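Below is one structure, written out as structure tokens; the observations come after it.
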Amino acid sequence: MHKFWDNLLSFIKTLRKRFGNVGRTAKICGSMTNEKVLVIGSCGQLGTELVEALRGIYGDSNVIASDVKKSDNPVFDGGPFETLDILDADGLGAVIQKYKPTQVYHLAALLSATAEKNPEFGWKLNMEGLFHVLNAARDTGIIKKVYWPSSIAAFGPNTERFGTPQYGTMDPTTIYGISKLAGELYAQYYFNRWGIDTRSLRYPGLIGYKSAPGGGTTDYAVAIYHDALQTGKHNCFLGEGTTLPMLYMPDALKATLDIMHAPAEQIKIRTSYNLAGMSFAPEEIAASIAKFVPGFEISYEPDYRQAIANSWPAVIDDTEARQDWGWKPDFDLDKMTEDMLKNLRLQYAQNG
Ligand code: NAD
């Protein structure tokens, strides 16, 4: 763990001793930093949880959530929300002038499976959205840091599948992967040419219980937990043996916040960092679930997403993230399964 977090955490501990409320003390810390954070595409799978985490650190009023359409998740009632289409550069400019955000998390994208259905729009949204954010950072001087996620989709069929290195063959075959690879290079270009502090992670498939996935090739790994509790069986759109890299949402949030809070000199890669949590095939997550839901069954009916999965890495080597800014995941497959099922059971009980 790097210095910033050490200092922040010891400060929170000191305040907690005095005030006895870590949420409140974290907000006190946040408001003392004068940071304002804009999250674009905040109502999706990642943004919903990230907004909550950021508001815990910086305070509700200092985190501006935005999306082309507002979700009814109560998370968004706790602080400012702006309806913003990232393809509208003037609209983005107006939001920046209104709130003067020092950090932007740009999450709006068309994901792998959805983008394959409309490749031209996938390219447009994923690329133009990034240009608008990077140009705003360059031209206004208000935004000090930009976070933009890449994906394991930036790799391709000729990439080393096991132990995929940070630097190796990158020949993506999906429009989503092509846009992520191009975006990585654009982000690095803006860092080199104009000094924009761009930071990025190549997320694996993200798994969480608080929000629904948005059309990716790894979405089955969320649906399978819901099915386990609702019907005791899951029909998987990927075939047996399809090993893919995955990450539990609390680890994804930790990595995202850690890279954004690391001192700039520790960020040695300005394209995007490899990031790993765990890797498993459908039959392995099913076996993990069966430990907690006896009799759970999986069947297979691979569809068009199988070809996408076949072009992606199986196990990622994230040595650079570990070395440069101290990345280390907390969750393995069984620990994630236990936590997912526990929280989903609670949710189902609460919602009836
Ligand atoms: P998601 O599809 O769940 O959410 C994307 C959000 O962007 C949605 O709320 C959507 O309404 C919004 N959006 C769409 N068009 C917009 C526009 N024109 N203007 C503003 N907002 C718009 O995606 P996610 O899973 O939360 O992913 C967030 C980021 O992480 C994306 O860049 C994605 O490529 C990356 N990523 C996600 C995963 C994953 O497994 N979820 C894996 C790798 C990378």
Side-chain angles (χ1 to χ4, degrees), residues 21-23 26 42-57 65 70-78 107 111 113 203-238 240 242-257 275-301 305 309 328-352:
N21 179 333
V22 75
S42 67
C43 296
Q45 189 192 11
L46 176 63
T48 303
E49 299 214 31
L50 190 59
V51 165
E52 194 179 27
L54 287 166
R55 285 188 172 157
I57 295 170
K70 193 177 179 189
S71 107
D72 55 8
N73 192 310
V75 165
F76 299 104
D77 299 334
L107 311 178
L111 268 56
Y203 290 132
L206 301 182
I207 299 167
Y209 58 87
K210 290 188 184 171
S211 48
T217 303
T218 53
D219 288 6
Y220 90 86
V222 176
I224 196 169
Y225 286 110
H226 288 270
D227 285 351
L229 295 181
Q230 288 179 321
T231 64
K233 56 186 179 204
H234 176 74
N235 189 25
C236 189
F237 62 68
L238 297 181
E240 209 171 348
T242 311
T243 301
L244 288 172
M246 305 277 187
L247 191 65
Y248 193 34
M249 194 58 90
D251 274 336
L253 295 173
K254 182 173 84 156
T256 306
L257 296 170
L275 189 74
M278 61 191 92
S279 283
F280 55 78
E283 66 275 18
E284 290 170 306
I285 188 174
S288 176
I289 291 171
K291 290 180 194 166
F292 303 91
V293 182
F296 176 70
E297 286 173 21
I298 185 167
S299 54
Y300 303 94
E301 203 174 324
R305 288 167 281 199
K328 191 170 173 287
D330 290 329
F331 286 84
D332 61 17
L333 177 55
D334 281 346
K335 196 171 167 194
M336 173 177 76
T337 295
E338 192 175 5
D339 200 60
M340 276 292 283
L341 292 172
K342 184 185 82 190
N343 283 290
L344 285 177
R345 277 193 178 107
L346 275 174
Q347 266 181 18
Y348 282 122
Q350 277 161 9
N351 300 335

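If you're wondering where the values come from, they're calculated on a predicted model, not measured in any experiment.
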Worksheet item: Side chain of Asp227, backbone of Asn235: donor and acceptor closer than 3.5 Å?
Response: no
Fill in: Approximate separation, where rounding is to 0.5 Å, of Asp251 CG and Asp330 CG
5.0 Å
Item to complete: Working to the nearest 0.5 Å, report the span between OG1 of Thr242 and OH of Tyr220.
Response: 7.5 Å
Fill in: For the student: nearest non-hydrogen atoms of Phe331 and Pro250, plus distance
CE1-CB, 3.9 Å
Discussion item. Is the shortest side-chain heavy-atom distance between Leu46 and Met249 below 4.5 Å?
Written reply: yes
Discussion item. For residues 43-53, which residue pairs pass the side chain to side chain donor-acceptor pair (under 3.5 Å) check, not counting sequence neighbours?
Written reply: Glu52-Lys210
Worksheet item: Taking atom CZ of Phe237 and atom OG1 of Thr218, what is their separation to the nearest 0.5 Å?
Response: 7.0 Å
Discussion item. How long is the straight-line distance from CG of Asp334 back to CD1 of Ile285, given to the nearest 0.5 Å?
Written reply: 10.5 Å
Worksheet item: Is the NZ atom of Lys233 crowded by more than 12 outside heavy atoms at less than 6.0 Å?
Response: no
Discussion item. Contact between Leu257 and Leu54 at the side-chain level, heavy atoms closer than 4.5 Å - yes or no?
Written reply: yes
Fill in: Closest heavy-atom pair and its distance - Pro245, Ser279
CA-OG, 3.5 Å
Worksheet item: If you look at every heavy atom in Ser42 and Phe76, which pair is closest and at what distance?
Response: O-CZ, 3.1 Å
Worksheet entry | Backbone of Lys335 reached by a side-chain donor or acceptor of Asp339 within 3.5 Å | no
Worksheet item: Would you call the rings of Tyr248 and Tyr209 parallel, tilted or perpendicular if under 30° counts as parallel and over 60° as perpendicular?
Response: tilted
Item to complete: Working to the nearest 0.5 Å, report the span between CD1 of Ile298 and CD of Glu283.
Response: 7.5 Å
Item to complete: Would you mind reporting whether Cys43 and Asn73 have side-chain heavy atoms less than 4.5 Å apart?
Response: no
Worksheet entry | N/O donor-acceptor pair under 3.5 Å between Glu284 side chain and Ala281 backbone | yes
Fill in: Side-chain heavy atoms of Asp332 within contact of Met278, under 4.5 Å
no
Discussion item. Within this structure, what is the NE2-OG distance for the pair His234 and Ser299, rounded to the nearest 0.5 Å?
Written reply: 8.0 Å
Discussion item. Strictly distance-based, threshold 3.5 Å: is any side-chain N or O of Arg345 a donor or acceptor partner for the main-chain N or O of Leu229?
Written reply: no
Practice prompt. Please tell me if the side chains of Met340 and Phe292 come closer than 4.5 Å, counting only heavy atoms from C-beta onward.
Written response: no
Item to complete: Search all heavy atoms of Val51 against all heavy atoms of Ala65 and return the closest pair with its distance.
Response: CG2-CB, 4.1 Å
Worksheet, complete the sentence: Note: Ala113 and Thr217 closest approach over all heavy atoms is N-OG1, 4.3 Å
Item to complete: Answer whether the closest heavy-atom distance between the side chains of Asp77 and Lys70 falls below 4.5 Å.
Response: yes
Worksheet entry | Where Leu247 and Gly277 come nearest, the two heavy atoms and their spacing | CD1-CA, 3.5 Å
Discussion item. Does any part of the side chain of Leu238, heavy atoms only, come nearer than 4.5 Å to the side chain of Leu244, both counted from C-beta?
Written reply: yes
Worksheet item: Side chain of Lys291, backbone of Glu338: donor and acceptor closer than 3.5 Å?
Response: no
